[in-house]
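Just below is one structure, and these are the notes that go with it.
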Number of protein chains: 2
Amino acid sequence: MRPTVHDIAAEAGVSLATVDRVLNDRPGVRGVTRARVEAAIAALGYVRDVAAANLAKSRVYPLVFILPQGDNPFMRGLEAQVRRAGLHSPAERTRLSVVSVPAFDAVALVRAIDAAIAEDVAGIAAVVVDAPEVSAAIARAQAAGIPFVTLVSDLEGSGRDHFVGVDNIAAGRTAGSLMGRFLGGRPGPVAVLAGSMRLRDHRERLDGFLAAMAAMPTARTVLPVLEGQDDPGQAFALISRCLAATPDLAGIYSLGAGNHGLVKALSGRTDAGLCVIAHELTADTRAALETGLIDAVLNQDAGHEVRSAVRVLRAKADGLPVNAAQERIRLDIFIKDNLPPAGPDEE
Amino acid sequence: MRPTVHDIAAEAGVSLATVDRVLNDRPGVRGVTRARVEAAIAALGYVRDVAAANLAKSRVYPLVFILPQGDNPFMRGLEAQVRRAGLHSPAERTRLSVVSVPAFDAVALVRAIDAAIAEDVAGIAAVVVDAPEVSAAIARAQAAGIPFVTLVSDLEGSGRDHFVGVDNIAAGRTAGSLMGRFLGGRPGPVAVLAGSMRLRDHRERLDGFLAAMAAMPTARTVLPVLEGQDDPGQAFALISRCLAATPDLAGIYSLGAGNHGLVKALSGRTDAGLCVIAHELTADTRAALETGLIDAVLNQDAGHEVRSAVRVLRAKADGLPVNAAQERIRLDIFIKDNLPPAGPDEE
DNA sequence: CTGTTAGCGCCTTCAA
DNA sequence: TTGAAGGCGCTAACAG
């Protein structure tokens, strides 16, 4: 049987309350006593039963997810995953809530962060845009003792506690590498469709992609980046125009959330030679993968990200360490053949 | 606050014990009473606090993993993951143990299963070979009320409760599809290195691969399967001979655990045109991916598999349903660029 | 058939 | 600075 607080109390010759004070290092214990208890803990190899501890404190952790609103399917999937995790959350004594803010809007984002701080939540997870006032808001959360994790797109200098998302530079490299191999010797330039260069993740993917393309045995032109603001209409227009203007186009890398417009622009075509790689598995990209319109999809699993964010925030709130290796989010590569069955929250 | 057993007892006008009996549907409750309690449960929207329940019963679940012994790196990685999971297992009130049996040995496997049944463990997870006596042993476990899950390679007709592993037909298809695209128009036949056609997973991968190759726009010869018994020496010999005999070889699909020999046979070569796809991310395949000797690795995450097996066995032991969607093991595709940092248990 | 009572391992008042 | 006692939500003896 595993040792319990009783065993430690007996071993150290103190009461349960004292053991508890030492375990949660709370004040009010003499140095000597503390040392004695710590010795007992070490001697018996005690490890606290977290479930019992949670039961006893019956504390709940209100966590806030701040996500961009709009019709970005990946973000809607992320929100669905938060809601889904919220159903199971009472078991882990967390209460999840979602706050939606206009996309690309630093001011609104800052307002949402400050509101969460004012509510004194136990942790904040947010998809942030890269702006100095956002970093300042994150610093305020830190100052208030509220753990903060960035989701999907990072903001390194901000002092956030943790980043939950993929390595976007590696994602871009992966896309470039796959595109290069799929194209082989086929000539022609490739186009890149992004949302906005103001998003750190989009910039990073582009950097990785360009690096990988440059490292390919055959040199290939990459056309100037098309920025569609992750808007279906704009993406459709940009891609349509590009296709018309570039008859020998060999490939398209869609690194943002403009896939609805992309697929629409592509769907009229019959040219099987065009290599298309996109990000995020959504209803659009899944269907396009199945019909062969898209060749590969790079994905970050929204469900994993949400669960990881919750675990990290809880750990930070309790002052526990996080296992970085376990919390690393992998970059999935999907082709037609390894597509998982559609989940309920995929849009 | 969430309703508790007390609330239900009050609402239904019965005692805690009766509520407990209904909840765990144990006998000794009159139909009417039961109905009244059930009504209260429904009315209050009660959901049981599993952590508290486990705490109260202080039951532990001894689970046995039966794995093939030998130097198969994937199996050793799997074993390491079981041991690692065993460290955290007291928290989930499980106790994990590993039993090693000679690979490809149905008799030894059956003996191990029967031993576990005799010990009255709470669940068995095993990497099984495809043989009628194995199915019979699984049936005995079932008869003894012991949940049984197959790991990595399935045995569908056996009545096992669950399969933890990837869809191996889809894995083969994925390999074929990638190989076809990577090769493009490059001519030449491809070779297949397997462990043994007696392993269901190897047969399934081969089937999928052949189907995908057949569906490619350009027809390509697939040489007769090389069976290396997952032995480094045999694999080395088979691949060396094949390379020598087939100067125009375009690709190799290694669908078993012969990668050490494969890499060794490949390492002398300088022909960059050969496309190599292998299974399972190990020290060998990781290094070969990094140096470019291997182009892609298909992987099933051993850590996920172990954790899934534990969850499923626990659920079955408690008579709870399993969420099939959550327990689905994904097929990972790794290329040089999306390789995750090496974990401690990878061999 | 049903209820009472005493824990599971831990935390938290409240006294001393 | 320390300890005693009660309770978190659930289960399991043992009575009735």
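All values derive from a computational prediction rather than experimental measurement. Note: hydrogens, waters and symmetry copies are ignored here, and every other heavy atom, side chains too, is used.
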Looking at every strand, decide which applies to [X] at a 4.0 Å heavy-atom threshold: base, sugar-phosphate, or nothing.
| X | value |
| --- | --- |
| A/Val19 | nothing |
| A/Thr18 | sugar-phosphate |
| B/Arg26 | sugar-phosphate |
| A/Arg48 | sugar-phosphate |
| A/Asn24 | sugar-phosphate |

Note to self: I need the single residue from A/Thr18, A/Asp25, A/Val14 that forms a side chain to side chain contact (heavy atoms under 4.5 Å, CB included) with A/Arg34. Which is it?
What the structure shows: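 For A/Arg34, the side chain to side chain contact (heavy atoms under 4.5 Å, CB included) check succeeds only for A/Asp25.
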Round to the nearest Å and state the distance from [X] atom [atom1] to [N] atom [atom2].
| X | N | atom1 | atom2 | answer |
| --- | --- | --- | --- | --- |
| A/Arg21 | C/dC11 | CZ | P | 12 Å |
| B/Asn54 | D/dG9 | CG | C1' | 12 Å |
| A/Leu16 | D/dC8 | CG | P | 18 Å |
| A/Asp20 | D/dG6 | CG | P | 18 Å |
| B/Ile8 | D/dC10 | CD1 | C1' | 11 Å |
| A/Leu44 | C/dC10 | CG | P | 12 Å |
| B/Lys57 | C/dG9 | NZ | C1' | 16 Å |
| B/Leu55 | C/dG7 | CG | P | 14 Å |

[X] side-chain proximity, nearest of [options]:
| X | options | value |
| --- | --- | --- |
| B/Ala17 | D/dC10, C/dC10, D/dA13 | D/dA13 |
| A/Ser15 | C/dC1, D/dA4, C/dC10 | D/dA4 |
| A/Leu23 | C/dC11, D/dA12, C/dC1 | C/dC11 |
| B/Ala53 | D/dG9, D/dT11, C/dT2 | D/dT11 |
| A/Val14 | D/dG9, C/dG3, D/dG3 | D/dG3 |

Checklist line | Closest-nucleotide ordering on DNA chain C, the 5'-leading residue of B/Arg30 and B/Ala56 | finding: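 Nearest nucleotide further toward 5': that of B/Arg30.
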Item checked: Residues B/Asp20, B/Arg48: salt bridge by 4.0 Å N-O rule ->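 So B/Asp20 does not pair with B/Arg48 through a salt bridge.
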Can you tell me how far the [atom1] atom of [X] sits from the [atom2] atom of [Y], to the nearest 0.5 Å?
| X | Y | atom1 | atom2 | result |
| --- | --- | --- | --- | --- |
| A/Glu280 | A/Asp332 | CD | CG | 9.5 Å |
| A/Thr4 | A/Leu16 | OG1 | CG | 8.0 Å |
| B/Phe65 | B/Glu305 | CZ | CD | 10.0 Å |

Item checked: Short side-chain N/O contact to D/dT2 OP1/OP2 from A/Thr33, under 4.0 Å ->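 Yes, within the criterion.
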